[in-house]
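Following: one structure in C-alpha cells, then a few remarks.
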2 protein chains.
Amino acid sequence: MNSFYIEHPRFFVSVDCLVFGFANGQLNLLLSKRKMEPAQGTWSLPGGFIEENESAEAAAERVLSNLTGLENIYMEQLKMFSQPGRDPGERVLSVAFYALIDLGQEALEIKPSYQAYWFNINKLPDLIFDHPEMVDFALKTLRHTVSTKPVSFNLLPEKFTLPQMQTLFEAIYDRPLDKRNFRKKIQSMPFLVKLNEKDKLSSRKGAFLYTFDNMKYEKARQNGFCFNL
Amino acid sequence: MNSFYIEHPRFFVSVDCLVFGFANGQLNLLLSKRKMEPAQGTWSLPGGFIEENESAEAAAERVLSNLTGLENIYMEQLKMFSQPGRDPGERVLSVAFYALIDLGQEALEIKPSYQAYWFNINKLPDLIFDHPEMVDFALKTLRHTVSTKPVSFNLLPEKFTLPQMQTLFEAIYDRPLDKRNFRKKIQSMPFLVKLNEKDKLSSRKGAFLYTFDNMKYEKARQNGFCFNL
DNA sequence: TCAAAAGTGTTAAGTTTACACCCATGA
DNA sequence: TCATGGGTGTAAACTTAACACTTTTGA
C-alpha cells in the first residue's frame, strides 16, 4: 500500500438508514435506541460505521439485515451529511440511505440488541444530531421517487389491493386522493397484473388482488414508457 | 476529544467536482490533469481531499474557487462513491458534486497549476477511476434538475436571449426542441423579465435580452407555482 | 436585395380534474 | 336488510405537440 495521500486527514464514516414500512394504513419509520455515547439511550436512525473493504451501500445493507433479518431490501443512497460538529462526540461523516420494506402480516423480527421500533412518520420522537434533517430529506425524496419510479411496491406485500395502494400513497403524500382518478391511472400502467383472487380482510365484498410485474415494466420502459403518478 | 468510536476504521474522503459550463452553444465539462499518483497526468474530474473542520460542501467550494477564482457558484451534492478499489492507490471515499457556471465572454481564469480545460460533454477523453460513472450520474441529474428547478440560469449570463436559452436546453438534453413551444412555455413562467435591449452578436435583427428574477420566482413558488419545463 | 436569425398562433390530441352512484357481501 | 367498503364513467379544463410564414437588419 502506498501513501500518496498521507498528509490528509482520515474520517470515521457511518451510514444512517431511513427504513420506511407501511402497515395498517400508516407510513412508519424504524428508529433505534442509541447504544453508544454520546446521547446513549435517545432515539436515532439505525446506523453503523463503514468497515474496511466495505462500500457505503454494503454497510447499509449489513446494518439493515442485522436489524431486520431481511436481505435484498430496496435501498437508495440519499446524501452525505458532513457538517463538522454534527456528531458532538467525534468528527463523523455519515451517508444516509433510505430503504422500503413490506411489514405486512409477519411481524418483522427485530434483533433485541437494537431496541428498534416503528414510529408513525407524523409522530416521531426527538432525534439526535442532524437526523431530523435526514428524515425531511428522505421524505421529500420518497415523495418524489414514488411518483417517478415504481418503488412503492416495495412497501406492499407481493399481492396487494388497489385500496391498499391508494392508502399507501395517501400516507406518503399526506393528503387524500381521488379514488377514481387514482385507479384509472394505476390501471393504465402496463405492469399491473390483476389476479383472480380477492382479499376479504377489510370488507365483506372483498377487493381484487394485484401484483407488480417487473418484466412487463422493464419492457414498457424500453419502449419509452415513463412511469409517473 | 473522546474515543467512543475508536475501534472503527477511518478513511480518506475526497470531493470530485463536475463543473458544467455553457459557451458557443456547447455544454462543457471542466477536467484537470491529475497532479498526483496514481494515474498522474491523466484526465480526471477536479477534486481534493476534505480537511479537518470542513464539510464536503466547503471542500468542494474550496476546490472550485481555487480552480476558477469564482465564489458563490451554484453547486449540489450528487452522491458518495465508495466502492473499495475505486482508487487503486489507496482506499478513498469520494463525494461527487456538480456545479453550474456561466463561462460567457470573460474567459475563466483557470489557475495554471491545475491544468484544467473545458471539454465538450460529448467529446470527453478517458477518465480515471469511476469518474465516467460520475459523469453519467451528473448528466442524468442535470437533465432532471433543469426541468424541475430554475437552475439553468446559472449556466447563462445575467442577461441572455431566448435563442441562447433554447440552445442551452438542446445541449443539455442533446436533442432539438420546437422553437415556438419552447418560447411559449418559458415566457409563461412568472419570473422572466424582458429587457428593452437586444443582443446583436448573433444576428442582424438582434434578439431581446431577458433576465431571471429570483424574487418573482420565490413569490410564485410560495403561491403554488411549480417550475417544470 | 438577400441571407440569416428572430419572432409569432392555431389546431388536434392527450391528460388531468372534479364529481355520485351502484355492487357485493356477511353479520 | 343494511352497513361497509369496492368498484365504475363522463364532461370540462388544461396542457402538450405539431407545424410555416413574416420581420428585421447589415452587408
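Every chain is numbered from 1, with letters handed out A, B, ... down the list of sequences. Heavy-atom basis, side chains included; hydrogens, waters and symmetry copies ignored. As the structure is a prediction and not an experimental result, all values here were calculated from the model.
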Under a 4.0 Å heavy-atom cutoff, the residues of residues 177-188 of chain B touching DNA chain D are B/Asp178, B/Arg180, B/Asn181, B/Lys184, B/Lys185
- Task: State whether the side chain of B/Asn24 and the backbone N or O of B/Gln26 hold a donor-acceptor pair below 3.5 Å, judged by distance alone.
- Result: no
Taking the six-membered ring for Trp, is the centroid-to-centroid distance between B/Phe160 and B/Phe153 below 6.0 Å? yes
In whole angstroms, the gap separating P of C/dC23 from CZ of A/Arg204 amounts to 18 Å
Here the distance between atom P of C/dT15 and atom CG of A/Leu229, to the nearest Å, is 14 Å
When rounded to whole Å, the CG to P distance for the pair B/Asp199 and C/dA5 reads 13 Å
* Relative to the ring of A/Phe227, is the ring of A/Phe191 parallel (under 30°), tilted (30 to 60°) or perpendicular (over 60°)? -> parallel
If you measure from the Lys or Arg side-chain nitrogens to the Asp or Glu carboxylate oxygens, is any gap between B/Glu197 and B/Lys159 under 4.0 Å?
-> yes
A/Arg175 atom CZ is separated from C/dT17 atom P, nearest whole Å, by 8 Å
Closest non-hydrogen atoms of B/Val146 and B/Ser152, given as atom of the first, atom of the second and distance, are CG1-CB, 4.2 Å
Correct closest heavy-atom pair for A/Cys17 and A/Val63 would be SG-CG1, 4.1 Å
Give a yes or no on whether a donor-acceptor pair under 3.5 Å exists between the nucleobase atoms of C/dA24, that is its base, and the side chain of A/Lys205.
no
Rounded to whole Å, CZ of B/Phe208 lies from C1' of D/dT25 at a distance of 13 Å
note: B/Leu201, atom CG; D/dT24, atom C1'; distance rounded to Å ~ 16 Å
note: B/Gln166, atom CD; C/dG7, atom P; distance rounded to Å ~ 11 Å
To the nearest angstrom, the CE-P distance between B/Met189 and D/dT15 comes to 11 Å
